[in-house]
**Q** 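Have a look at this one before I ask anything.
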Amino acid sequence: QDKPLFGAILKTPANPHWNAMAAGIRDAAGKLGVDVVVSTVESESAAEQQLNNCESMLLRNPKALLVGAINSNILLPCLKKASDQGIAIVDLDYNLDRSIAEGAGVKVTFTAGNDGAVTGGVAADFIARQLGADAAGPVLVLEGLPGNPVGAARGKGFRDEIAKVAPKLTQTTLNGDWDRTKSANIVNDMLQRNPDLKAVFAANDTMAVGAEEALQAAGKGDVITVGVDGSADAIDSIKAGRLTATVGQFPYLVGYRSVELLAEHLQGGKALDGYQSTGQSVLTRQALEQKTDAMIQYLR
Amino acid sequence: MLRIANIEKRFGPIEVLRGVDFDVDAGEAVALVGDNGAGKSTLMKIITGVYRASGGEVVLDGRTITGIAPGEIRTLGIEMIYQNLELAREQDVTTNIFLGREPTRRIAGFDTGIIDHAKARREAERMVRQLGARVPSVDIRVGNLSGGQQQSVAIARALTFSPKVVIMDEPTAALAVREIEHVLQLIKELKGRGISVILISHRLTDVFEVADRIVALRQGKVIADEKTGETTMQRVVSHIVGAH
Amino acid sequence: MLRIANIEKRFGPIEVLRGVDFDVDAGEAVALVGDNGAGKSTLMKIITGVYRASGGEVVLDGRTITGIAPGEIRTLGIEMIYQNLELAREQDVTTNIFLGREPTRRIAGFDTGIIDHAKARREAERMVRQLGARVPSVDIRVGNLSGGQQQSVAIARALTFSPKVVIMDEPTAALAVREIEHVLQLIKELKGRGISVILISHRLTDVFEVADRIVALRQGKVIADEKTGETTMQRVVSHIVGAH
Amino acid sequence: MAMEHRTTAPAPGLRWTFAHRRGALRIESLVVLAGLVVAMSLSSPVFLNVANIFNVVLATSTIGILALGATYVIGSAGIDLSVGSIMAFAGVIGALLVKTLGLPWWCAIPGCLAAGLLAGWINGIVITYGKIPAFVVTLGMMGVARGVALLITEGQAIYGLPAPLLFLGQGRPFGIPMPAIVFVVAAVLLHLLLAYTRFGRHTLVIGDNERGARAMGVPVRRLRIKIYMLSGLMAGLAGLLTMARVNAGDPTAGMNFELAAITAAIIGGTNLFGGRATVFGTVIGALIMGVLQNGLNLLAIPTFWQQISIGIVLVAAVWVDQLAQKDKE
Amino acid sequence: MAMEHRTTAPAPGLRWTFAHRRGALRIESLVVLAGLVVAMSLSSPVFLNVANIFNVVLATSTIGILALGATYVIGSAGIDLSVGSIMAFAGVIGALLVKTLGLPWWCAIPGCLAAGLLAGWINGIVITYGKIPAFVVTLGMMGVARGVALLITEGQAIYGLPAPLLFLGQGRPFGIPMPAIVFVVAAVLLHLLLAYTRFGRHTLVIGDNERGARAMGVPVRRLRIKIYMLSGLMAGLAGLLTMARVNAGDPTAGMNFELAAITAAIIGGTNLFGGRATVFGTVIGALIMGVLQNGLNLLAIPTFWQQISIGIVLVAAVWVDQLAQKDKE
Ligand SMILES: Nc1ncnc2c1ncn2[C@@H]1O[C@H](COP(=O)(O)OP(=O)(O)OP(=O)(O)O)[C@@H](O)[C@H]1O
Ligand SMILES: Nc1ncnc2c1ncn2[C@@H]1O[C@H](COP(=O)(O)OP(=O)(O)OP(=O)(O)O)[C@@H](O)[C@H]1O
Ligand SMILES: [Mg+2]
Ligand SMILES: [Mg+2]
């Protein structure tokens, strides 16, 4: 019982992103001699279940919580209690809105990962570079489940940036619900409306791969398709010359770094910057094959 | 008292009733006879509002009641024992007997909607006993009762709330001998109390025992309307089977 | 031929049958009478395998058939007309008559499972006509038929497949006069062809017309088993109501 | 339909004993729940902590409240797929009133409830007067209520409610979470309504034989509308409590809750085809689900294994329940 | 239950005309679908393109195939909530065989189908022999099949299948997408099975009066098991096609598809309480949903509005359908 306990409250392991994150957390904890309990939920929409998990977690008296909240507010009542008990809180992947959280009396020690708006912007820059700043034509944006803040932030970041760097591209946004088949169907429908589709940006890799397969089936493999994350299937698809790129998030690294930083902070009381970016990079076939990017080692 | 005027009923392309007229006086028992599929049950369901007539009207005490909801018609005093009984199989005998007429507790004249189950149960037991029916308990699920027991429940239900007119669609079909006697006795009592009875039955002996008048329906039309005393069993049978 | 030996049946705490014995010979018509709730239908459902007996056995031609599935018992030649008819209301008359016995097309001796609907329809029409039943069409949904018409369908179903034993649970309850005559006639014909009949009926005139023997059940026990010729209507009534 | 009929009828013995309670107590399910509790407390020491027990009831309260409505709806041979969405819609309306429009905090209470009632009323009207299967109508409402909630908020939760309102969701008088209290009170009231009033009796009767009920003068349409309104009201209440609990009107709340609510009712012995339902059973059903989820979390079972075990244990629980109800044909 | 009975009975006129087709054609629904098609083609010029029509059928094929199974299950007064999960499970098994285990590509076909059959068989066995409501059993299977699929893959889709297998999902012989072809073939076969064989007839009869069917010698248990196996098989087929289409065995595929499949069947006139179902109606029902979704995508209606419009149009479609079926009690 002398080992400190960290609780991780993540989303669903059915999304490989959170599996990799959990792996990073566990590996770092193992290295540092910290106990971790990871709790996850069944689906991307199981918000209340996550709140219940959080409340159960407090019964274990953890030293710190690593939180990947399903939305920016659902966990606040529980996190407030945690803050009051002096438990350190790490926000994974910018899922908490800091101003709201602080307004609710939740003290966030630091935020790790990448801001969705920035991620969307990175993808937009990449696509604009591929197509050229003067490119004109339709672009499809696939967000996640309706109302999901991560998908919405990535989509918004993308749209804002495209408007700046390639203003002649016209954008259509639809919700792919994080679902492969639904995204494939939407792409098919879009191709009817806009046979000259130029690019697809999907807020995660599952949707991106689904979209890409629909494009391949329609003989439109040359449409630029970009996802977000760096999940194994997306990497395989990129290597196979199908998916154009993904904006790698390296969740393993996010989890690993978070535990490291947290442990240092708790031991030494070392002051931390409130935002700990763990970096993201656009992974293309070229980058993957030539391993030009040092981050590639963190792919899981 | 109850007048049925030119009632027609079509189910899609099928004409089931083609202009039926007859009256029932207070305290009179009219038997409605006819072959299977003649339209007897359909006609009665039109009276109670379960079916909507395609034409014609039903008049009770001078008031047209066609088109009114079954619940209201029941409130006006027309009770019916349906051929298929229309019981709620999952519910107990008491609930079935008091269905739609549950005695509720009132507080300061205000209906609380709370069922006075003890009272309902007592009354239900009384009715069942009065019918001489062999129902093991009024707390039993109706679906577990025998055919005749179920029929007794349906009869009890129709007679619990002193109606003006009672329509009985083959009320004795599943009953045993003694129970049949009870029902016939009951019909006579009803008549004595000025209550009208329309009896549908294929048991002509029963019909002749209690009915004052016999109306025969054939293929959706009245083909005979005769006083019981002025006709014979043979005549009625021939009306039914259409022998003339 | 059919022997019922010491059959008992409990539903939870309620004892419905308390050791019933009787036999039926080939070509014999046995009437089973008794008050409402005496246990007649329950006993018959045990014979056809719908209910499982709590004790005792049923023997057909020397073979114990208790515990066998209803489908198999039907294949062994016992047909039953259930009191509640057990029709599939959403299906048409043909489907109901041939339920479980659909004629199918065979290709090279192999059963394709494809129903020969034309044949079934033809046969169904023939059966219905033979019963003298007034069913408008065999393509009609059974739920839309009148009470008597439904009963005719159930009767037709039981008689279409030359059974060894036919159990009839109040087969004439909803039938009109002429149709009743038909059914009684039919029972006599069945007897003539060596088919056994168990008839449950509250219409004692009918019972006396067709039955060779009368078995009276009271409170789950046989209290009389008499040849029709050697008893009287009064005696039977007193058995039923328990007057002695 | 006969399947369900066969499997959930209370044993005659019990039914008789508790006859005038209308079979309102289901001993068998209680046994299953108790078994589950014992198993959980053997494997996790914290399980029987008072705080954890309250946790379980708290976690059960939302689904439980929806399941109370589902008990009536399914008992009347209907179905309501829209409760999860109505819950989100009601929460959004409540938050909108007090946060965006700045009305006094208590306005959220009638606001949420009225939003739920309204949605339920529309369900009821369309089902009865349009003669459209409840499945289709409430599925439509599921899309409409969710869509409207998302539209109003542009997909963004309305965060930050007045403190007195938060008490409804986060307060713990005597240490007991408010939503748990509300759940229990609602359950008791709806139990009394179902078991002792004309409304409750008629609800089951129209689920059993609608035509017969109509013939006997039960105002079937009016009743049916009321039943869907009750279900909507419960959804509104769940929306209110959830909003107060998470301090936000969230348009994505209650996703897939309709299935969980129906499941709780069915596990509790409600016949999917109508005619048979008890509030007591539903509460047990909801608690069985809550205990299971909580226990597996305490044991830190990984999510995939949780899904598998919940699936198996639910089936097993109903199986034991039905084994306990021997003696029926 | 009477509600549904009242609202979906085919008009006697039609029923008589098509009597020996067993009411297998539903003119009214066809009218609704046609109306929708006209409306869509007026608002979007590309709608009636041959390519787009194929598109609609392609997008409908997965739900449609699941709905075919649901037609049988619901027609028999059952329900199958596990099809979405079984679909994912089957897809994962197929991908596992050919990708991870490196078996020849065609092994995925029997692999997926067998996985579906197995899951359906378990459903059927537990429902009939355990006497547990189908709702509970298939809900359990929903968790178990999904959990197992996730466990096997650790939540990671198995990506990258052999080319010949991809043809099944992405190929377009004569320009027609393969899944669409498979869907149509399956629909025709299952229509024939339902309308003309003893198996189909008995399916509806046990949905109508199970006790009666048993008394008449219908092997109810065996039949019921077969029905759930059929539903599982369809889920396996849907899993196979989806896997081939998206080039991956995805353990998260088919989430919530069970509801969509049931909805297609109900919109197509299947009685939720059993006894009445047609494959033709189900296909129309699925197409109505597909056309609606496609049209809204072509018009690029934002998702929130899509949810609302789908909700309203579905209800309206069923309402028109039932208006067209006048003349009944
Ligand atoms: N809902 C319906 N749809 C179509 N036809 C119907 C419907 N109800 C009844 N019919 C038909 O109307 C005719 C009359 O039926 P009804 O039930 O009134 O006969 P009945 O005189 O009561 O016969 P029985 O003596 O057999 O009870 C029958 O031919 C029946 O098939
Ligand atoms: N499933 C059941 N559960 C409990 N009791 C039952 C069940 N089925 C029948 N009973 C009881 O068994 C007794 C006998 O019923 P049964 O149907 O055999 O009577 P019956 O002789 O056919 O009467 P009837 O002439 O009225 O048809 C009745 O008292 C009935 O209440
Ligand atoms: Mg009649
Ligand atoms: Mg009987």
Side-chain angles (χ1 to χ4, degrees), chain C residues 44-45 47-51 68-76 78-105 111-118 120-121 136-144 154 157-158 160-161 167 169, chain E residues 1-2 4-6 8-24 75-77 192-223 226 269-271 273-278 327-329:
Chain C
M44 295 301 114
K45 286 184 189 164
I47 298 178
T48 60
V50 167
Y51 282 165
I68 295 184
E72 259 182 86
I73 290 180
R74 208 173 163 216
T75 315
L76 294 176
I78 301 184
E79 289 282 349
M80 173 157 169
I81 300 160
Y82 290 87
Q83 189 170 13
N84 66 355
L85 309 181
E86 296 293 12
L87 297 169
R89 296 174 52 85
E90 297 291 337
Q91 314 301 319
D92 62 19
V93 172
T94 306
T95 298
N96 269 283
I97 289 182
F98 281 88
L99 184 49
R101 297 282 174 89
E102 295 81 1
T104 51
R105 289 177 205 278
D111 183 356
T112 58
I114 298 168
I115 297 176
D116 188 342
H117 192 75
R121 210 175 159 286
S137 150
V138 291
D139 299 327
I140 220 170
R141 177 179 168 267
V142 161
N144 285 355
R157 177 164 72 181
T160 305
F161 306 94
I167 301 172
D169 197 350
Chain E
M1 93 178 50
E4 265 63 14
H5 279 282
R6 237 198 292 127
T8 47
L14 280 177
R15 175 168 271 276
W16 284 17
T17 321
F18 296 107
H20 71 286
R21 314 244 145 229
R22 333 228 68 255
S76 74
L192 296 176
L193 187 68
L194 187 65
Y196 295 105
T197 72
R198 190 190 273 156
F199 176 78
R201 196 71 51 94
H202 286 181
T203 297
L204 297 183
V205 170
I206 66 173
D208 195 345
N209 181 354
E210 177 177 333
R211 216 174 11 155
R214 198 169 94 87
M216 288 307 126
V218 174
V220 175
R221 286 186 172 184
R222 212 154 9 111
L223 185 64
K226 281 189 203 155
T270 303
N271 182 4
F273 299 100
R276 235 176 14 242
T278 65
D327 327 297
K328 64 202 131 45
E329 190 285 318

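Reminder, nothing fancy here: chain letters follow the sequence lines and each chain counts from 1. Computed from heavy atoms alone, side chains included, the values below leave out hydrogens, waters and symmetry copies.
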**Q** Does any backbone or side-chain atom of C:Asn84 lie under 4.5 Å from a heavy atom of chain E? Answer side chain, backbone, both or neither.
**A**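 It is the side chain, since no backbone atom gets that close.
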**Q** Passes salt bridge (Lys or Arg N to Asp or Glu O under 4.0 Å), C:Lys45 versus C:Glu86? Steps please.
**A** CA-CA 12 Å; C:Lys45 286 184 189 164; C:Glu86 296 293 12; 5.5 Å; no
**Q** Assess the residue pair C:Arg121 and C:Asp139 against the criterion (side chain to side chain contact (heavy atoms under 4.5 Å, CB included)); give the C-alpha distance rounded to whole Å, side-chain angles, the decisive distance to 0.1 Å, and a yes or no.
**A** CA-CA 8 Å; C:Arg121 210 175 159 286; C:Asp139 299 327; 2.8 Å; yes
**Q** Is E:His202 close to C:Glu102 at the side-chain level, that is, under 4.5 Å between some pair of heavy atoms?
**A**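 Of all side-chain heavy-atom pairs linking E:His202 with C:Glu102, at least one is under 4.5 Å.
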**Q** What part of C:Arg89 gets within 4.5 angstrom of chain E, counting heavy atoms only: side chain, backbone, both, or neither?
**A**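 Both backbone and side chain.
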**Q** Do C:Gln91 and C:Leu99 make a side-chain contact, defined as non-hydrogen atoms from C-beta onward lying under 4.5 Å apart?
**A**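 Not in contact.
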**Q** Taking side chain as everything from C-beta outward and backbone as N, CA, C, O, which of these in C:Arg157 sits under 4.5 Å from a heavy atom of chain E? Side chain, backbone, both or neither.
**A**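 Side chain of C:Arg157 only, per the 4.5 Å heavy-atom cut-off to chain E.
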**Q** Within a strict 4.5 Å, meaning less than it, do heavy atoms of the C:Thr94 and C:His117 side chains meet?
**A**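 Counting from C-beta outward, C:Thr94 and C:His117 do come under 4.5 Å.
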**Q** Rounded to the nearest 0.5 Å, how far apart are CG of C:Asn96 and CG of E:Asp208?
**A**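 C:Asn96 atom CG to E:Asp208 atom CG measures 8.0 Å (nearest 0.5 Å).
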**Q** Is C:Leu87 in contact with chain E via its backbone, its side chain, both, or neither, using a 4.5 Å heavy-atom distance?
**A**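 Contact with chain E: backbone only.
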**Q** Is it the backbone or the side chain of C:Tyr82 that comes under 4.5 Å from a heavy atom of chain E, or both, or neither?
**A**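 Only the side chain of C:Tyr82 comes within 4.5 Å of chain E.
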**Q** Flag the one option from C:Gly71, C:Ala69, C:Pro70 with the top tally of heavy-atom pairs under 4.5 Å to chain E.
**A**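 The option with the most such pairs is C:Pro70.
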**Q** Heavy-atom pairs under 4.5 Å with chain E: which of C:Thr104, C:Asp116, C:Thr48, C:Thr112 has the most?
**A**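 Highest number of heavy-atom pairs under 4.5 Å: C:Thr104.
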